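The structure under discussion appears below in the form of structure tokens.
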Amino acid sequence: MSRNGARIIVVDDDISVRRALSRLLISAGYQAQTFESVRDLLMNGELGRTACVIVDVRMPGPGGLELQEILSQVPVPIPIIFITGNPDVPTAVKAMKAGAVDFLSKPFSEEELFGAVERALALRSASTDQRRMAHRRR
Amino acid sequence: MMAETGNNRVQGWRPAATLLAVAVAYYVGAQLGFILRFPPTTPSVLWPPNSILTATLLLTPVRRWWLYLLAALPAHLAAELPVLPPLLVFGLFATNCAEALVAAAGLRWLSDAPTRFDTLPRMAVFVLVGALAAPFVSSFPDAALVTAIQGESYSFVWRTRFFSNVLASLTIVPAVVMAVRNGLPNLRAAAPHRHLEAGLLASGLFLASMGQFGNPSEFGLGLPAELSAPVAVLLPFLLWSAVRFGPGGLSVCLVATALLAVVAGTGESGIFVTQRAAEAVLSLQILLSTMAIPLMCLAAVIEERRQASEALATRLRLEEMLSRLSAAFVHLPSTEMHRALDEWLGRLGEHMGLDCVVIAEYSRTAADELVVRAWAPSEPVKPQTVACREVRWADDQLRQRQTIAVRDVGDLPPHAHAERLMFRLYGIRSCIVVPLEAGERVLGGLAVATTSADRALREPFSGWLRLVAEVFASALERTAMEDALRASEGMKSAILSSLSNGVAVLDSDGTIVAVSQSWTIEGATVGSNYVTAWRETARAGASHGSDAAAGIAAVLARERDSFAFEYTARDPTAERWYSMVVVPLNQPDGGAVISHTDVTERKRAEVNAQRSRQELAHFTRVSTMGALAASLAHELNQPLAAILSNAQAARRFLDAARPDLGEIRSILSDIVEDDKRAGKVIEGLRELLRKGETEVELLDLNALIRDVVKLLGSDALIRRVRMHLDVAAEPLIVAGDRIQLQQVVLNLLVNAMDAMADCPTEERVVSVQTELCDGQTARVSVQDAGPGILTGQHDLLFEPFYTTKPTGMGMGLSISRSIMEAHGGLIWATNNPARGATFSFAMPIRNGTAT
């Protein structure tokens, strides 16, 4: 999975944040797709070709943690990066324990974001390779 | 008790003695009558028993008459039975009684005072009825009886009996009646020269009678021719007695003369010697009777004149006394009043020959007490207090404005125990009490009393006493009024000097007429004009001076009911606040009362209180903001994150070989928007945290609530609380301080969210509703679905330091309430029917648009 073309989903109820994040990701060569809520994502998104998901922890309706729980059900886990404007330790701990790639506090720098995205992509490719190998072994 | 039984014994003893006296007198009279009788005939020349009976009946009450007549019966029998046949004796008793009854009953009926002979009408009635008619009528049956039983000549018997009874009645009845009524006291009271004069008269009369009637033979010769001689000799003495000694003296002299004449006429043996002598005596009888009638009338006329002149003299003396009394009291200062009263009680007593003069005044301090000042000869007046209930009878009489006239202790009603006891104690015989009346009120009573029967107080005296009482009453009332006036003056000046604030009394022109001790306004002293003083202040540059002058002038002109005014004045050290209240003086001349208070301390306290209130409100706002910090951080981090990401993206775009300038422009405008957004959050935050003066403006509650709900939006999100906002269709314009009202709404919303912290997520709903009630009131309700308000805690909710939160301070609702009160609104809480509570506030709607 190269940096170019990796498809990243952004879920945030704040349109400004959505637009800014998608621009930043695009400027770095990623593909970005934005959703205003978890429900929107689940109904309209294509998770299968997604490299990672950047999601706000709290939104009207289901939030980042709920999404994390849903995504843990799928065969190939999609790495999740949490962002929040109101960080709190219990939520962060809960998210990380459940396998989150990172937990970023708004406002965050591009280095932080891209670092997290890169780790997510690495995680994603590693897990894909594992699956392939397992498939081959079988 | 002792006095009571003693009195009964006296009363029981007296009638018995009288009965005995009547019997004895009747017997003696009868014996005398028998002596003075013509030997062969029954009628006597002078028959006293009938007159004694008549006098007795006149002196006794009608209901006892039978008793006295019965008492005379044994005397009658004892005297006549030995001499006359029994049938005649009983018959004669009947005719005697009949005569006495006719005389006494006739006199009682026809005369205004049957036992008094002191005026011509009274004397005339007595002569016609008692002395002529009664013997005339009773002599017919008497003569018939004697004629029938003894066989004597009817005409002789009738004539003899008639004349003897007329003579006896004319002489004996007045003598006995007057002697019994007031003979002894008069005799005792008479001066020595009167005794001497009476002795001279008696001896002169005796000598003249003896000289005329002493020699029967001489007397018997040629009577008709010589009849004028004894009359001529006797007349001067009888006239003397009539002129100098009145009807009483005259009748005594007439009795004596008649007895002497008759005794002399009957001779030494006591029997008329010859028929001719008897005829002569008869003639004498007629002569004396006819002479007695005009003499008696003359005496009555003279007595009448004497009494009238005496009454006039007394009257003059009383009038003189009264005028001196009035003169003494009319201009007397009230402080001298009681001393003068005491002095005049003595003068009255001494001049009127009274034994006791008492003035009793109802106490001014205790309505049921009398202050009694009693004068008695050689005893100084000493005021004493007597409870009204101790002399209840007299008290009742006085309060009913009755004059009490007691001639004798027996006149007192049975229940007047205390009064009777006083009569006994002080030996009072007669007494008059008149009320002291002042208009509608009875101030007390004036009482005079005598201790001896011969100075019994007469009726006319009570009329005069009422006039005296009038003088005393008006003097006492004036004293009371002057004292009351002095007391009220004293009270007024005491009040004025005790006031802590400066008080000045103005007349209708605004001139100061009186000030309290604490009045220390510079340049405004008694005599200066207060309105002018304020006008000068205005001229000197103080802007409030003309307002004050106008306000005071308006009150003085009765254009305003009152005027209240606050102003500041700079004293050398600091600025001071004063409050002035002007109220009109409620009196015909007008004027006003100024009350001037230094309210600097109060003002300072108010300012301090307001400042601490503001500080506290600020503090609660800050602590509320603390609770919102997370929400606010989120609110701020959101645009900041967008800005940062946008900026970094733009930088990257610019690094590209062919930068997409359109995209960069779009990024920059997004950055500007987000920056503005962050700025607004900061602005709102700063506004909430601002510490400051109240700023009242017109604002729309709907918009205000929308802002707050928006501000809390992210907090609600974090807390997983859904917010329902249901605003009224029309703008709700109210006048108020934006920040304070925001604080109230914020507080209610945060409380609502706090209340649902333990509820399942799906139940966490806060409904905010605004509505217009009755066109005049805006109402805002915040409904939660929490546990609701505990029973009995409704009243405590809005009290300071009441909290249900572990970290709460308990000031939020208390401050919300004071904010609402300051805005003329209300705040309250109710439990919802299903669950949770609703907190509402309401405030008046204003016209206009939000600024």
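Lettering follows sequence order; numbering is per chain, from 1. Here the structure is a predicted model, which means the values were calculated and not measured.
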So that I can tick it off, tell me whether [Y] and [X] are bridged by a salt bridge, with the cut-off set at under 4.0 angstrom between side-chain N and carboxylate O.
| X | Y | answer |
| --- | --- | --- |
| B/Arg677 | A/Asp14 | yes |
| B/Glu762 | B/Arg720 | no |
| B/Arg719 | B/Asp754 | yes |

Original post:
For A/Ser109, is it the side chain, the backbone, both, or neither that has a heavy atom closer than 4.5 Å to a heavy atom of chain B?
Top reply: both
Original post:
Checking heavy atoms, do the side chain of A/Asp88, its backbone, both or neither come under 4.5 Å from chain B?
Top reply: neither
**OP:** State the CG-CD1 distance between B/Leu746 and B/Ile739, to the nearest 0.5 angstrom.
**Re:** 12.0 Å
**OP:** Calculate, to the nearest 0.5 Å, the distance between atoms CG and OH belonging to A/Leu21 and A/Tyr30 respectively.
**Re:** 13.0 Å
Original post:
Who wins among B/Asp670, B/Thr761, B/Leu640 for the most heavy-atom pairs under 4.5 Å with chain A?
Top reply: B/Asp670
**OP:** For each of B/Asp674, B/Ile671, B/Asn637, tally heavy-atom pairs with chain A at distances under 4.5 Å, and name the one with the top tally.
**Re:** B/Asn637
Does any heavy atom of chain A fall under 4.5 Å from the side chain of [X], the backbone, both, or neither of them?
| X | result |
| --- | --- |
| B/Ile643 | neither |
| B/Arg722 | neither |
| B/Leu717 | both |

Original post:
Under 3.5 Å, is there a donor-acceptor pair between the A/Arg23 and B/Ser666 side chains?
Top reply: yes
**OP:** Determine the option with the most heavy-atom pairs under 4.5 angstrom with chain B, choosing from A/Lys106, A/Arg58, A/Glu110.
**Re:** A/Glu110
